[in-house]
2 protein chains.
Amino acid sequence: MHYTRDNMAGLLRSHDINPTHQRIEIAHALFSRQEHLSADQVMAIVNTRHSETSKATVYNTLKLFLEKGLVREVIVDPSKVFFDPNTSPHHHLYEVDSGKLSDIDAEHVQISGLPPLPPGMVTEGIDLIVRVRRKA
Amino acid sequence: MHYTRDNMAGLLRSHDINPTHQRIEIAHALFSRQEHLSADQVMAIVNTRHSETSKATVYNTLKLFLEKGLVREVIVDPSKVFFDPNTSPHHHLYEVDSGKLSDIDAEHVQISGLPPLPPGMVTEGIDLIVRVRRKA
DNA sequence: ACGGCGATCTGGACTTTGTCTAATATCCGG
DNA sequence: CCGGATATTAGACAAAGTCCAGATCGCCGT
Ligand SMILES: [Mn+2]
Ligand SMILES: [Mn+2]
Ligand SMILES: [Zn+2]
Ligand SMILES: [Zn+2]
């Protein structure tokens with residue numbers, strides 16, 4: 001499957017998001033690359049040729065995508081949030097030195113023995129992050 | 001075991017940290033409470049009576065504690081880092097609404113099926129965060 | 001006690017990430 | 001084409017964290 005700008009409108013609509021020029025560009029940045037991007041990186045990508053999209057719109061749009069379940073947030077670096085076009089359940093491998101973030105398929109990973117949740121609470125998600133660094 | 005200011009000097013020394021007035025106060029804030037605190041919270045606690053410790057020192061000291069393995073960092077909220085006096089392997093439960101962060105003993109939790117690490121890499125840590133919220 | 005000196009602490013400027021607002025522009029149904 | 005709702009924008013603002021040059025501290029030898 002190939003993510004073109006043309007598919008983006010449909011993808012957005014299917015998530016109840018009104019497709020606009022800026023939203024299509026931002027979705028395209030994330031989905032065509034299938035990478036974890038920070039708001040800053042999205043901004044840079046979208047504005048490579050000539051300035052097209054403001055900072056406010058980049059942040060507004062990413063938050064909207066998040067609310068609508070189109071992307072997921074990955075909190076792994078204290079200095080910035082990553083946005084993840086992969087919303088299927090999966091985990092992350094974080095290379096501390098380089099800042100590289102990659103996916104770990106959840107299919108074969110088993111987590112067991114977690115204690116019961118506090119009453120009246122529901123799980124919103126389980127984040128598993130394997131932090132690695134270059135061997136000394 | 002009770003953490004008094006008097007114990008702190010020994011604890012610091014045992015981690016190769018020169019105990020100073022400010023470092024003792026900051027360590028005491030964390031260890032006497034046994035809670036996850038942000039830099040801001042540490043600052044507030046240490047300066048309750050009268051201003052004693054500067055922002056720069058709070059940040060420098062927490063970073064020093066981190067390097068020396070006296071505390072651990074928990075990255076769970078995009079807007080601030082928490083410092084954790086509990087350095088034994090354990091996981092975290094994060095209540096998204098309230099921001100409350102609590103420990104999950106690692107003893108009974110089993111994680112299996114993780115893929116092999118990329119060559120030349122070693123695991124620095126595995127962070128498991130259970131994100132929960134109040135039932136609708 | 002005194003002077004010296006490395007280690008530590010400090011105020012405040014600065015940077016980065018993210019939020020907010022009020023004005024403008026765009027879109028769309030009638 | 002009009003009018004209202006929706007979306008975008010510049011730029012001011014806020015919060016967390018970093019940095020630096022100068023002041024201070026605590027200890028040692030005299
Ligand atoms: Mn364009
Ligand atoms: Mn004091
Ligand atoms: Zn991912
Ligand atoms: Zn903890």
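These values consider heavy atoms only, across backbone and side chains, with no hydrogens, waters or symmetry-generated copies. If you're wondering where the values come from, they're calculated on a predicted model, not measured in any experiment. Chain A is the first sequence line, chain B the second, and so forth, proteins listed ahead of strands; every chain is numbered from 1.
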Please report the shortest heavy-atom distance between [X] and [Y], naming the atom on each side.
X: B:R5; Y: B:I24; result: O-CG2, 3.8 Å
X: B:P85; Y: B:V71; result: CA-CG1, 4.3 Å
X: B:G69; Y: B:T87; result: O-CG2, 3.7 Å

From B:V130, B:V109, B:D103, B:D105, residue fulfilling side-chain contact (heavy atoms from CB on, under 4.5 Å) relative to B:H91: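 Answer to the side-chain contact (heavy atoms from CB on, under 4.5 Å) test with B:H91 among B:V130, B:V109, B:D103, B:D105: B:V109.
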
In this structure, how many angstroms lie between the [atom2] atom of [N] and the [atom1] atom of [X], rounded?
X: B:E73; N: D:dG17; atom1: CD; atom2: C1'; result: 12 Å
X: B:D40; N: D:dA14; atom1: CG; atom2: P; result: 15 Å
X: B:K80; N: D:dT18; atom1: NZ; atom2: P; result: 16 Å

What pairs of nitrogen or oxygen atoms, one from the protein and one from nucleotides 7-9 of chain D, lie under 3.5 Å apart?
residue : atom : partner : partner atom : Å
D:dA7   : OP1  : A:R23   : NH1          : 3.1
D:dT8   : OP1  : A:T20   : OG1          : 2.6
D:dT8   : OP1  : A:Q22   : OE1          : 3.1
D:dT8   : O3'  : A:Q22   : NE2          : 2.8
D:dT9   : OP1  : A:Q22   : NE2          : 3.4
D:dT9   : OP1  : A:E52   : O            : 2.7
D:dT9   : OP2  : A:S54   : N            : 3.0
D:dT9   : OP2  : A:S54   : OG           : 3.3
D:dT9   : OP2  : A:T57   : OG1          : 2.8

Aromatic plane relationship, B:F31 with B:Y3 - under 30° parallel, 30 to 60° tilted, over 60° perpendicular: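 Tilted: the ring planes of B:Y3 and B:F31 meet at 30° to 60°.
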
Is A:R131 salt-bridged to B:E124, going by a charged N under 4.0 Å from an acidic O?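 Between B:E124 and A:R131 there is no salt bridge, as every charged N stays at least 4.0 Å from the carboxylate O atoms.
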
Establish, with yes or no, whether the OP1 or OP2 oxygen of D:dT18 is under 4.0 angstrom from a side-chain nitrogen or oxygen of B:Y59.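 Looking at the OP1 and OP2 atoms of D:dT18, neither is under 4.0 Å from any side-chain N or O of B:Y59.
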
Nonpolar side-chain network containing A:I75, other nodes, edges under 4.5 Å: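 Its cluster mates, by chain and number, are B:I75.
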
What's in the same ILVMFWY side-chain cluster as B:V76, cut-off under 4.5 Å, chained through other members?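 Joined to B:V76, directly or through intermediates: B:V74, B:F82, B:Y94, B:V96, B:L101, B:I129.
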
Quickly, which of B:H90, B:Q34, B:R72 forms a side chain to side chain donor-acceptor pair (under 3.5 Å) with B:D84? Name it, please.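 Among B:H90, B:Q34, B:R72, the one meeting side chain to side chain donor-acceptor pair (under 3.5 Å) with B:D84 is B:H90.
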
The helix from C:dA1-D:dT30 to C:dG30-D:dC1: angle between end helix axes, five pairs per end, rounded to 10 degrees: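 End-to-end axis angle for the helix from C:dA1-D:dT30 to C:dG30-D:dC1: 20°, rounded to 10°.
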
Linking I/L/V/M/F/W/Y whenever any side-chain heavy atoms sit under 4.5 Å apart, do A:L11 and A:L30 land together?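 Yes; A:L30 is reachable from A:L11 via cluster members.
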
How would you label the contact of A:S79 with the nucleic acid (heavy atoms, under 4.0 Å): base, sugar-phosphate, or nothing?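 Contact class for A:S79: sugar-phosphate only.
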
With sequence neighbours excluded, residues passing side chain to side chain contact (heavy atoms under 4.5 Å, CB included) with B:S112: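 For B:S112 the side chain to side chain contact (heavy atoms under 4.5 Å, CB included) partners, ignoring immediate neighbours, are A:Q110.
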
I'd like the 5' and 3' limits of the part of DNA chain C contacted by chain A, with heavy-atom contacts below 4.0 Å.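 Range of nucleotides within reach of chain A: C:dT17 to C:dC20.
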
